Amino acid sequence: MQKTLTYKILENHLVEGQLAPGEPIGIRIDQTLTQDATGTTAFLLFESMGIGRVKTDLSVSYVDHNMSQFGPENHNDHLYLQTIAARSGVYHSRPGNGICHQVHLERFGRPGATLLGSDSHTPTGGGLGMLAIGAGGLDVAAAMGGGAFYLTCPKVIGVELTGRLGDWVSSKDVILKLLEILSTKGNVGCVVEYFGPGVETLTVPQRATITNMGAELGVTTSLFPSDSMTRAFLQAQGRADAYQPLSADPEPDYDRLIKINLSQLEPMAACPSSPDNIQPISAIEGRPIAQVVIGSCTNSSFMDLMMAAEVLKGRTVDAGVEFAVAPGSRQVLQMLAENGMLAELIGAGARILESGCGPCIGQGFSPADGVVTLRTFNRNFAGRTGTQGDQCYLVSPETAVASAMMGEITDPRKLTELIGLGYPKIKLPREFLIDDSMIEVPPPPQEAGRVSVHRGPTIVVPESPRPLPNELNGQVLLKCGDKITTDHIMPAGSFLKYRSNVPLYSKYVFHCFNEDGKPTFAERALALKQKGVAGVVVGGESYGQGSSREHAALCPMYLGVRAVLAKSIERIHKANLINFAIVPIEFADPTDYDRINADEVLQIPDLLEAIKLLDEVRIVDTTGGFEFKGVLKLSPRDRTILLAGGLLNLAKKANKG
Ligand code: MIC
Ligand code: SF4
């Protein structure tokens, strides 16, 4: 049988189950990554599991999200992460060294290996031919302890690339095109695998842009083969020894086939406020803009920024535009500083931001009310910039820089005609600047035991869930619509610094739905919890899109939410709900969604019995006076976790036994 590359890597790592689409499987994880906004909780949970030292080939803890340091919270987290990493045998990438995905690609990624990261954009590593998957912190903690990662064996969507990108057209436009085709919903349980003659025309950083934003499709991961481009990248990073050639068999059986001719692509944008709201730039050009940011783990590589600097050389951005550049890593920033191109960016009026997530997660640089902001990022969910009602467009660095110069949305291909500028084609450098001095290597076990872990007062150990009752008496705390993201559930921006304090962060659950003068979601939930009534959230299609943040399950659990009832639930969020003993239930008949209203009382008799054995559960709406069926799409392991009262309780029991 002809195999996909995805299945070849899965086969090499399979520890449980059968490799057939839809089957529950467990795979060995070679590498893990965590970042500070999810990592503090992940390490606290890792400690609660009582594992001690990591058992992976390599685990790296990055600090890149929470670096604005208003108040002591962020620095407390950094010190905890630095010391717990040393204690647990984990590499630590210090704040300023860059965004986890960019640095991991540069310094650690390996073709053919598995990587599990507590961040949804971990699939960036797919650009190097590694099977890189995003997950909640608790799953990553379990993998750090040597546990398998459990997932549904995926279907594989083959994307055949032909042709070659034209001048001013970017690999960002490839993934925007795919988002136009596949949208952000309905792709759960799939992997996107790229193949075809167009692949060899793309460098690893270009491929990584595509696999990074593949997260927005809601797929398990995205994967490129490992070929001469991969070797060139690894060699330039001084890591030629990590190279191995990898590809699918010549005629693998893809579950679905999509063809993209790179030569026919044009510059595109994801318009407000969803990454799949795609338009060609030609349809929206001329709109005035007030802000442009080039950065984030999607588009802030050395080559992206060199292109922007070449375009801006000797020119300035439009006076009506605030223009910022956030280099993806210290390597990128240092190389631009050494070759003088940083000076060109500064000269053009760029505000140089730290190498980190920054504005991508609402840490500053929020746009004014009512203006258009253009960003090279991967997500433009409403309010993510930190401004309610924001107008955020996601574009390529080429479109961003052209528009910054012109003061309006501009098709970069017009620059040749407008200012006589040819496309500056940037080649992959033969050698990147290698300086790992901001990556701390963990000490050997004897010394690690002597490291004292810094525990600041703003870090609170999260509670474990209580066991689920057999009869669930609940009340609908919120009924929301389709495509509810984890940003809706658990806002980041100015609240991000509370990640290490669940009781405090929980106050902001569903903050965007709170109304002035009325009790908040959190207040209503806690009042129910005190009365012994479970909270229930009702959602539409694709509930829990976006980030891997397990706080979107952990904080509702703390508030007493015990069930989510939705038309469909996204992969990472569903796993997080199960890990924190919140039952994910899908409507058997989606029209039942219309019959339920907020505040209604729901009863689920025999919940535990159903979790043990059944694929359906009977739900009684006692307020509306009707009954309906919910579907339990659970693997045997999901059932075990729910019955144990969550993954942490299960792990603790296993350790005792
Ligand atoms: C994001 O891009 O939304 C984040 C912030 O990186 C999240 C992780 C988090 O919420 O900390 C993600 O993508 O998983
Ligand atoms: Fe950071 Fe944004 Fe990338 Fe998330 S998407 S890891 S916030 S840069």
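Because the structure is predicted, anything quoted here is derived from the model rather than measured. Whatever order the structure lists ligands and atoms in, that order sets their numbers, starting from 1. The first residue of the sequence shown is numbered 1, and numbering continues consecutively from there.
- Contact between Met490 and ligand 1 is absent, with no heavy atom of the residue lying under 4.0 Å from the ligand.
- Scanning all protein heavy atoms for the shortest distance to atom 7 (C) of ligand 1 gives Ser547 OG, 3.3 Å.
- Contacts of Arg379 with ligand 1, taken as heavy-atom pairs under 4.0 Å, involve the side chain alone.
- Looking at residues two or more places apart in sequence or on another chain, you find a side chain to side chain contact (heavy atoms under 4.5 Å, CB included) between Asn501 and Val460, Pro503, Leu504.
- In this structure, the side chain of Arg330 does not engage the main chain of Gly98 through any donor-acceptor pair within 3.5 Å.
- Here Ile361 has side-chain heavy atoms under 4.0 Å from ligand 1, and that is the only part of it that gets that close.
- The shortest N or O to N or O distance between Ser118 and ligand 1 is not below 3.5 Å.
- Residue Thr38 approaches ligand 1 through these ligand atoms, each under 4.0 Å from one of its heavy atoms: 9 (C), 11 (O).
- Contact annotation: for Gln35 versus ligand 2, there are no heavy atoms closer than 4.0 Å.
- Close contacts between ligand 1 and Asp119 involve ligand atoms 4 (C), 6 (O), 7 (C), 8 (C), 12 (C), 13 (O), 14 (O) [criterion: under 4.0 Å to a heavy atom].
- Side-chain contact, Ser396 with Ser170: no donor N or O sits under 3.5 Å from an acceptor N or O.
- Of the protein's non-hydrogen atoms, Arg549 NE, 2.7 Å is the one closest to atom 10 (O) of ligand 1.
- Protein heavy atom closest to atom 2 (O) of ligand 1, with residue, atom name and distance, is Arg384 NH2, 2.9 Å.
- Considering backbone and side-chain N/O of Asp487, none are found under 3.5 Å from N/O of ligand 1.
- Checked against side chain to side chain contact (heavy atoms under 4.5 Å, CB included), Ser366 has the following partners two or more places apart in sequence or in another chain: Thr387.
- Proximity to His121 (heavy-atom distance under 4.0 Å) selects the following atoms of ligand 1: 2 (O), 13 (O).
- When the options Val63, Asp77, Asn74 are evaluated for a side chain to side chain contact (heavy atoms under 4.5 Å, CB included) with Pro95, the one that passes is Val63.
- The closest side-chain heavy-atom distance from Phe323 to Val325 is below 4.5 Å.
- Against a heavy-atom cut-off of under 4.0 Å, Ala37 is close to the following atoms of ligand 1: 11 (O).
- Checked for salt-bridge contact, Arg455 and Glu47 meet the test: a charged N lies under 4.0 Å from a carboxylate O.
- Contacts of Val188 classified as side chain to side chain contact (heavy atoms under 4.5 Å, CB included), with partners at least two apart in sequence or in another chain: Glu570, Arg571.
- The aromatic rings of Tyr508 and Tyr498 lie parallel to each other, with less than 30° between the two planes, well short of the 60° mark.
- Take a cut-off of 2.8 Å around atom 2 (Fe) of ligand 2: the protein N, O or S atoms inside it are Cys360 SG.
- Considering both main-chain and side-chain atoms, Arg499 comes within under 3.5 Å of ligand 1 through a nitrogen or oxygen pair.
- A salt bridge does not link Lys483 to Glu541: none of the charged nitrogens lies less than 4.0 Å from a carboxylate oxygen.
- A donor-acceptor distance shorter than 3.5 angstrom exists from the side chain of Ser547 to the backbone of Arg549, with no hydrogens or angles considered.
- One finds no salt bridge joining Asp390 and Arg375 here, because no Lys/Arg side-chain nitrogen approaches an Asp/Glu carboxylate oxygen to under 4.0 Å.
- In this structure, Gln35 has a heavy atom closer than 4.0 Å to ligand 1.
- Here the protein heavy atom with the shortest distance to atom 13 (O) of ligand 1 is Ser120 OG, 2.6 Å.
- Annotation for ligand 1: atoms under 4.0 Å from non-hydrogen atoms of His65 are 4 (C), 5 (C), 6 (O).
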What do the steps show when you test Glu550 against His573 for side-chain hydrogen bond (donor to acceptor under 3.5 Å, both in side chains), and what is the final call?
CA-CA 7 Å; Glu550 63 194 332; His573 186 57; over 6 Å; no
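- Using a 4.0 Å cut-off between heavy atoms, Asp64 makes no contact with ligand 2 at all.
- Ring-plane geometry between His78 and His75 is classed as perpendicular, the angle between the planes exceeding 60 degrees on a 0 to 90 degree scale with a lower cut at 30.
- Although no hydrogens or angles enter the test, the distance criterion places a donor-acceptor pair under 3.5 Å between the side chain of Arg384 and the main chain of Cys360.
- Near Ser548, meaning under 4.0 Å from any of its heavy atoms, are these atoms of ligand 1: 12 (C), 14 (O).
- Short contacts between ligand 2 and His101, defined as distances under 4.0 Å to a heavy atom of the residue, involve ligand atoms 6 (S).
- Of the candidates Thr209, Asn299, Thr298, Thr376, Asn299 is the only one forming a side chain to side chain donor-acceptor pair (under 3.5 Å) with Asp304.
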